[in-house]
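Take a look at the structure set out below.
So you know, we letter chains A, B, ... as the sequences are listed, proteins then strands, and number each from 1.
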Number of protein chains: 2
Amino acid sequence: MARLDLLKFMPFRLSRLAAEVSTALSGEYIEQYGIDVPQWRVLATLGFREEPCSAQFISQCTRTHKSTISRAVTELLKHKLIERVENEDDRREFRLQPTAKGTRLYEELIPRLLRREQDMLSCLSAQERKDFAAALGKIETSLDLVQTSQQAKAKAAY
Amino acid sequence: MARLDLLKFMPFRLSRLAAEVSTALSGEYIEQYGIDVPQWRVLATLGFREEPCSAQFISQCTRTHKSTISRAVTELLKHKLIERVENEDDRREFRLQPTAKGTRLYEELIPRLLRREQDMLSCLSAQERKDFAAALGKIETSLDLVQTSQQAKAKAAY
DNA sequence: GCTAGATAGTTTCACGTGCAACTATCTAAA
DNA sequence: TTTAGATAGTTGCACGTGAAACTATCTAGC
């Protein structure tokens with residue numbers, strides 16, 4: 001009879017680890033600034049990229065449901081962390097970009113989060129970290145999980 | 001100015017991967033049998049272990065909130081996939097164990113899920129798989145995420 | 001230029017989950 | 001024996017999220 005040790009089952013381990021890491025991060029820093037995970041994803045995408053993006057683009061890049069992004073954008077607008085300008089070429093979509101306040105928050109948050117990530121990985125050697133990231137990358141690719149900016153653009157333009 | 005590419009940020013990658021894997025599994029197999037993730041966790045714990053367990057024990061092992069386990073147990077009882085017997089030594093808790101029907105479902109499900117896990121990891125060589133699991137183990141340990149049966153028992157007995 | 005279908009974004013709804021309060025039971029100490 | 005505090009399990013509540021419906025706008029084909 002086939003058996004399965006849940007504690008060694010990869011999907012379970014990933015789910016447990018992701019949940020733990022996520023609450024650790026959001027609990028300590030993100031909640032501190034009054035923004036939640038989807039809002040952080042919007043801000044992170046806008047902060048990293050130079051040009052303004054559409055909500056659709058953010059949704060595709062972060063693989064987050066468009067309704068979730070929509071609500072996050074509404075909140076960020078309300079708190080004046082981002083602003084949106086109409087797109088003359090296509091009046092269905094809006095160009096989103098961080099405000100000065102949003103950029104300030106972003107710049108405060110980044111070092112904290114990067115430090116957190118380093119803490120999390122500090123139990124691995126440099127080589128192990130590299131291998132771990134590479135393995136993760138292979139799995140992501142095989143699951144067609146990686147959405148490059150190019151692909152997103154291509155999709156956006158279909 | 002510090003920047004952060006969300007797509008290379010480990011917490012984000014883990015969250016995205018876990019979500020994808022989870023929906024892939026639950027969508028294709030678990031939903032097919034009308035049970036959801038918490039119910040599967042209960043069944044997996046009971047099926048793997050020989051002796052009956054308490055809900056508390058399952059909650060600790062799987063790091064799933066006790067209210068979630070409670071609801072999962074209620075559903076599984078309703079569908080006669082598990083049964084519970086009073087514990088004479090401590091009448092607060094119940095001993096949970098799979099029924100014949102539950103065991104049958106478990107045995108049908110296991111090979112499918114294991115095959116799925118293999119598919120997911122098939123993009124890695126044997127050595128890479130081993131290294132990946134080891135790295136994951138180190139991170140889990142450093143985050144105090146690993147709950148052994150012994151520890152759970154110790155905690156249960158405080 | 002019109003119409004059909006696609007797309008961006010919003011909103012309503014149903015549902016699953018964590019938190020906190022609650023009941024029942026157990027343990028330890030006075 | 002009584003009482004205070006801990007524990008097992010359940011339930012009400014608030015909240016976040018995905019699916020689906022909806023509006024407005026765009027594109028392609030006629």
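With sequence neighbours excluded, the residues forming a salt bridge (Lys or Arg N to Asp or Glu O under 4.0 Å) with Arg3(A) are Glu50(B), listed by chain and number. Shown here are the salt bridge (Lys or Arg N to Asp or Glu O under 4.0 Å) partners of Glu128(A), two or more places apart in sequence or in another chain: Lys138(B). For Ser22(A), the side-chain contact (heavy atoms from CB on, under 4.5 Å) criterion is met by Val37(A), not counting sequence neighbours. The salt bridge (Lys or Arg N to Asp or Glu O under 4.0 Å) check on Glu75(B) picks up Lys78(B), with sequence neighbours excluded. Partners of Glu140(B) according to the side-chain contact (heavy atoms from CB on, under 4.5 Å) rule, which considers only residues two or more places apart in sequence or in another chain, are Arg13(A), Arg16(A), Leu136(B), Leu145(B), Val146(B). With sequence neighbours excluded, the residues forming a side-chain contact (heavy atoms from CB on, under 4.5 Å) with Ser15(B) are Arg41(A), listed by chain and number. In this structure Ile30(A) satisfies the side-chain contact (heavy atoms from CB on, under 4.5 Å) test together with Ser26(A), Ile35(A), Trp40(A), sequence neighbours excluded. Take Asp119(B) and apply the side-chain hydrogen bond (donor to acceptor under 3.5 Å, both in side chains) test, not counting sequence neighbours, and it matches no residue.
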Enumerate all atom pairs, one protein N or O and one N or O from nucleotides 14-18 of chain D, separated by less than 3.5 Å.
{"from": "dG18(D)", "atom 1": "OP2", "to": "Thr68(A)", "atom 2": "OG1", "distance (Å)": "2.4"}
{"from": "dG18(D)", "atom 1": "N7", "to": "Arg71(A)", "atom 2": "NH2", "distance (Å)": "3.1"}
{"from": "dG18(D)", "atom 1": "O6", "to": "Arg71(A)", "atom 2": "NH2", "distance (Å)": "3.2"}

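For the helix from dG1(C)-dC30(D) to dA30(C)-dT1(D), the rotation axes defined at the first and last 5 base pairs enclose an angle of 10°, given to the nearest 10°.
Looking at heavy-atom distances under 4.0 Å, Thr74(A) makes no contact with the nucleic acid at all.
Remark: the backbone N or O of Leu81(B) is not paired with any side-chain donor or acceptor of His79(B) at under 3.5 angstrom.
What separates CD of Glu75(B) from C1' of dT17(C) is a distance of 14 Å, to the nearest Å. When rounded to the nearest whole Å, the span between NZ of Lys66(B) and P of dA6(D) equals 14 Å. Put simply, CD on Glu20(A) is 12 Å from P on dG18(C), counting in whole angstrom units.
With rounding to the nearest 0.5 Å, the separation of CG in Leu76(A) from CG in Leu105(A) is 9.0 Å.
Listed in residue order, the members of residues 79-95 of chain B having a heavy atom less than 4.0 Å from DNA chain C are Asp90(B), Arg91(B), Arg92(B).
Side-chain N/O atoms of Ser70(A) include one lying less than 4.0 angstrom from OP1 or OP2 on dT10(C).
Identified under the salt bridge (charged side-chain N to carboxylate O under 4.0 Å, His left out) test for residues 89-102 of chain B, with sequence neighbours left out: Asp90(B)-Arg92(B), Glu93(B)-Arg95(B).
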